[in-house]
Every structure is written in C-alpha cells, then in structure tokens.
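This report refers to the structure that appears directly beneath it.
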Amino acid sequence: MTTLLRTVQRGTSAGCCRVRFATRSKSTAAQGEPEALAAAGPWDELPGPKPSPLLGNAWRFIPGVGNYAGLKTNQLFERLHEEYGPAVKLAGMPGSPTMVLLRDPVDFEKVLRSEGQWPERRAFPSMEYYQRTYKTNRRESLATSQGKDWGDFRSAVNQVMMQPRSVREYVEPIDAVARDFVDRMRGVRGPDGQMPADFSNEMGKWAMESITYVALDTRLGALKSTDNTEALAMIQALKDAFNYINQLDFQPSLWRYVTTPALRGLIKSLDYINGVAEKYVAAAMDRLQTHPKNEARHLTVLEQLLLRNEDPAMGVAMAVDMIVAGVDTTSTGASLAMYCLANNPEKQQAVHEELDRVIPDPREPLSIQQIEDLKYLKACIKEALRCQPVAFMNIRNTGKELVLGGYSVPKGTCVAMNSGITSTEERYFPRADKFLPERWLPQGADLKARHPFAYLPFGFGARMCVGKRFAELEMEAVLARIFRSFRLEWHQPPLQTEVQTLLQIGSPLKFTVRDRA
Ligand code: HEM
C-alpha cells in the first residue's frame, strides 16, 4: 500500500537509510550542553550548499541551470539531507533567513524542549505582510504573532479551544455536518459507484462547513445542492490565498519591492475571508448583547472568545486563523485516511465491525461516548497521518544556542524539523511502509515509535496546533459516518501527493463507493 502512497512525496527517498554521513560529536545528547557546545563543530562549517557571492543559492533553483530546479519542498529537503547529512544549512535564499533543516528526532527534541515561554515559529512572510503592513487596523493573528502578544492571545484561546468540554459541545453539530456530507456523497456518486474527479473539492466543502460552524457560529451551506454563493466564494478565496502564498513565499518574486499581481490576489482573497468573518462576528456580538449569558445558555467558542476579550477584532483574527489553518489540513487528513482504508480492505473490515458495534442505529445522532469508543478508527487516523503527514515539517526559531547534528547553531535560528521524513522511516517505525493502525493500540507495542519525537502531526509544546481537538472530532465524525454507510474501494493509479506549504493531493480522489448491506 505504501508504494501507492509514496509517489511524488517520496520520489527521492531511495537510500535514506543506506547513506552514511560523517556527523560530528555523536554523543552530544549524553553530554551536558556546555561540554557539547565546546565539542561541537562551528556554525560556519555546518554542511549545506554554498551560496555564491552574487546570487546566493537562488541560482540552484533556476530551470535548466540549477540542480534543485522544479523540486517540491519535500523532494528538495530529502535531496539536501541525502547530500549533506542530518543537519543542513540552507543560506542565501532571497527573502528568507538562513535555515537549518533537521531529520533526527534527537535534534527535534532538543529544539522543542528548549523553545522557552513564547516559542517562535516563522510565519509565511506574505501573510505577515498582509497583517502587519497592509491591514494595520486589524489584530494580528495567532499563527503570525510572536512573543508576549502571542502568549497573551494563545492563553485566552487555550482556555476556550483546548478544553475537552468546549469540544464535547460540538459533537452533535459536527456530526450533523458529517451526515449531510454522506448525503452529498450519495448525490455526487456516479452510476458505477465512482466519486467524481473533483471529489477533493467536496472534501474541502465538508471541512469548510465544519470549521466555520466553530469559527463563525453559522452553517455556511457549502454542502447544499443549490450553489451557495458565499460558501463557494469562501472556498475559492481560501484556495486562491494558498496558491498566492506558494507563489509569493516559495518561488522567486519581487513582491517585497513592488506590488505584484500575486500580492494583489492574496490581498483580495484575504480581504474577502476577513469580510465574511467580520459579518458573523458582528452578529455574535449582537447576540451576546440581546441574549446575555445565563445558566441555561451554553456559550459557543466564538462567544466565549468575544466575552473573554471584548474585542471583536480578536474574534475575527481567530476565525480567520481557524479557516486558513483548519480547512485544507483536515480535509487532506480525512481524505488520506479514506485512501489508506480503501487500499487495506482487512483494516476497513475492522473499522466496519467497530462501527456496527458502537453505532447500532445510524439514524441516531452521535454521542460523546460513541466518539470516545471508536478506538480503532482513531488509530486509523493516526496511522494515516503517519504514512503521509499533512504538515511535513515543524518550524521553530531556536530558543537558545544548541548543538544540532554535531554543530553549534545560534539562538534564534530558523529550523525546519522534517518529521514528515522520520515518521515514514523504518528505523523509527517498524514496518514503516505498511498501514498498521494496530501500532497505536495497546497490543501493538512492538510497532510503536522508537523515538517520541519521530512523529509530530500536530506539532509540540505551547505552540502546538490549537485546533487539534476540533480537527480530530471532525475527522472521527465524518469517517464514522462514511464507513458506517459505505465500503470504499480504490481502482485507480496510486494517489499523487506533493508538499508545497502543506501536503496536497495532486490526483483525482476517485473512490468507488458501495452501500453497505
Ligand atoms: C489534520 C488537521 C490538522 C493538522 C495536521 C494540523 C497541524 C498543525 C501543526 C503541525 C501546527 C504547528 C504546530 C507547532 O508549530 O508546534 C498547527 C498550528 C495551528 N493550527 Fe493546526 N492542524 C490541523 C487542523 C487545524 C484546525 C481544524 C484548526 C482550527 C480550529 C487549526 C488551527 C491551527 C492554528 C491557529 C495554529 C497556530 C497555533 C499557534 O501558532 O499558536 N489546525 N497545526
């Protein structure tokens, strides 16, 4: 099955376990940090492609000239690790700080355990520009803010979004969206049982409908058969925003000096998403005034955020963050789990058996207890995110001077921890090339990760994904509903995936969907 998965994403992975690199001071993990720093190789000697005085390393990406031209982010990183070792310095990239790429979980742990009170994660520069320079009247978002601003924002949001109680209140509405999605699948399915070529757009509609219910207190109507202009425009605006971010931040561009068409496009898309968010946040403010909090009324996530801060701008910033960070990720995660199960019928059979037992009457709304009891389904989601991590890398600025890959790395250096590589490596996961949900169950101890930092689907620490609980609930509910109703089959060529900013599905998701008896 994993041969099916490892198409574009792992195109250059051959030999990742076979190549040997001379790394310095292998025993640094065991040494105290001062001794380790004294024994470490100097920062200037950290291996990596040498920038030329005039063009830096940019020339290496020019088609027909450079050896890295046309590589996707994951392919580039894998190639650099093959050529230079487990820690690679990538300097001389226009508009980007010097970065260190890492592929050793021991180094990930060092970075993440020393990140400090307010961990710093470099945001997309074009998003930062939009928030800091272009829209100075708006509050900076959680994902782009840093330091104390981030700490204050995050602790307010944690008290609402990271509470199991808040998430439990959403089981019923999120399940209602999942059931609508199953109806939608029936509606778009062809006579031969096949899903249409643009089925990943349908998955995007489901994810948009789910997260906007949390972020904006509304059902946008993305799953309705009649075209809902606002819902579809939101989906388009989000898609456009990611395309423009790819062009502005990952390809050579002059946007920092002149307003390019891509920058104008990004501004237009983000303005649209912000405008819709402002409208629904204003409605929530009105609701809070006309129906104040009382014992009988449970407040929504948005209302709680607004009450805590009394600042509608914070509600808008958080809603936009949830939409930007929570649609593509969740829809890709759920799609990959469906793909893995469609290609592993015996695992799908185990999911069916669990669902029949836990949800005897599929006409009833899902309960919290039922969601909690879906242990095997949850293991399938974890395993799908291991086989194909939606977030290929975790980014941080180092919180102090560290020894990474045997070299000293100054405080404040931007590092990319490539857990998308480690989570698919045999040395960290026995039988890594197999889809084995059992590894996440108590009886699968022999298949478990050999290093706790080799798998970081939602990041780590104070800055980890703030939407993790909602993302899990959404994926659990929709997969429960889909597999309670259908058997999925895959009769297509292997699915193509690639990493740009996030993992993206690059070929049609044409599942064959059969009704279960
Ligand atoms: C399968 C789905 C998802 C995956 C794999 C995922 C993964 C991640 C990762 C890896 C990070 C960076 C963590 C770190 O730096 O340590 C992150 C951050 C974030 N995620 Fe998610 N995410 C998902 C869904 C969601 C959803 C549904 C939401 C919204 C409710 C969301 C909102 C955010 C936000 C706002 C941040 C930035 C947090 C901060 O900087 O404080 N994510 N996510």
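For reference, positions follow the sequence shown, starting with 1. For ligands, and for the atoms within them, numbers begin at 1 and follow the listed sequence.
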Pair E472 + K468, salt bridge at N-O below 4.0 Å: yes
Count of N, O or S atoms belonging to protein, less than 2.8 Å from atom 21 (Fe) of ligand 1: 1
Contacting atoms of ligand 1, where contact means under 4.0 angstrom from a heavy atom of L142: 39 (C), 40 (O), 41 (O)
R121 neighbourhood, listing ligand 1 atoms whose heavy-atom distance to it stays under 4.0 Å: 12 (C), 13 (C), 14 (C), 15 (O), 37 (C), 38 (C), 39 (C), 40 (O)
Polar atom proximity, T330 to ligand 1 (N or O, under 3.5 Å): no
Flag, side chain of Y455 to backbone of K382, donor-acceptor distance under 3.5 Å: yes
Cationic N near anionic O, under 4.0 Å, D175 to R179: yes
Interatomic distance, L366 atom CG to D373 atom CG [nearest 0.5 angstrom]: 11.0 Å
Ligand-side contact atoms (ligand 1) for residue partner M464, heavy atom cut-off under 4.0 Å: 13 (C), 14 (C), 16 (O)
Structural part of I211 in contact with ligand 1, heavy atom criterion under 4.0 angstrom: side chain
Those atoms of ligand 1 less than 4.0 Å from some heavy atom in M475: 1 (C)
Distance-only N or O hit between ligand 1 and W150, under 3.5 Å: yes
Charged tip of R439 within 45° of F429 ring normal and under 6.0 Å: no
Polar side chain donor-acceptor pair, Q236 to D240, under 3.5 angstrom: yes
Proximity winner for atom 16 (O) of ligand 1, if only heavy atoms of R396, M161, M417, M318 are counted: R396
Residues E438, K347: salt bridge by 4.0 Å N-O rule: yes
Where ligand 1 meets R154 - atom numbers and elements under 4.0 angstrom, heavy-atom basis: 38 (C), 39 (C), 41 (O)
P457: numbered ligand 1 atoms lying under 4.0 Å from its heavy atoms: 5 (C), 7 (C), 10 (C)
Lys/Arg-Asp/Glu bridge criterion (N-O < 4.0 Å) met for K148, D152: yes
Parallel, tilted or perpendicular: ring planes of F77 versus F392, cut at 30 and 60 degrees: tilted
Contact (N/O only, under 3.5 Å) between E474 and ligand 1: no
Ligand 1 versus F460: contacting region, heavy-atom distance under 4.0 Å: backbone
T330 side chain to M475 backbone, donor-acceptor under 3.5 Å: no
Test: D217 and R287 ion pair at under 4.0 Å: yes
E230 bridged to K279 by N-O distance under 4.0 Å: yes
From the candidates R463, Q146, E472, E115, the one that places a heavy atom nearest atom 14 (C) of ligand 1: R463
side-chain contact (heavy atoms from CB on, under 4.5 Å) partner of S166, the single match among H298, M161, Q304: Q304
Proximal ligand 1 atoms for N394, defined as those under 4.0 Å from one of its heavy atoms: 10 (C)
Numbered atoms and elements of ligand 1 in range of M322, under 4.0 angstrom, heavy atoms: 29 (C), 30 (C)
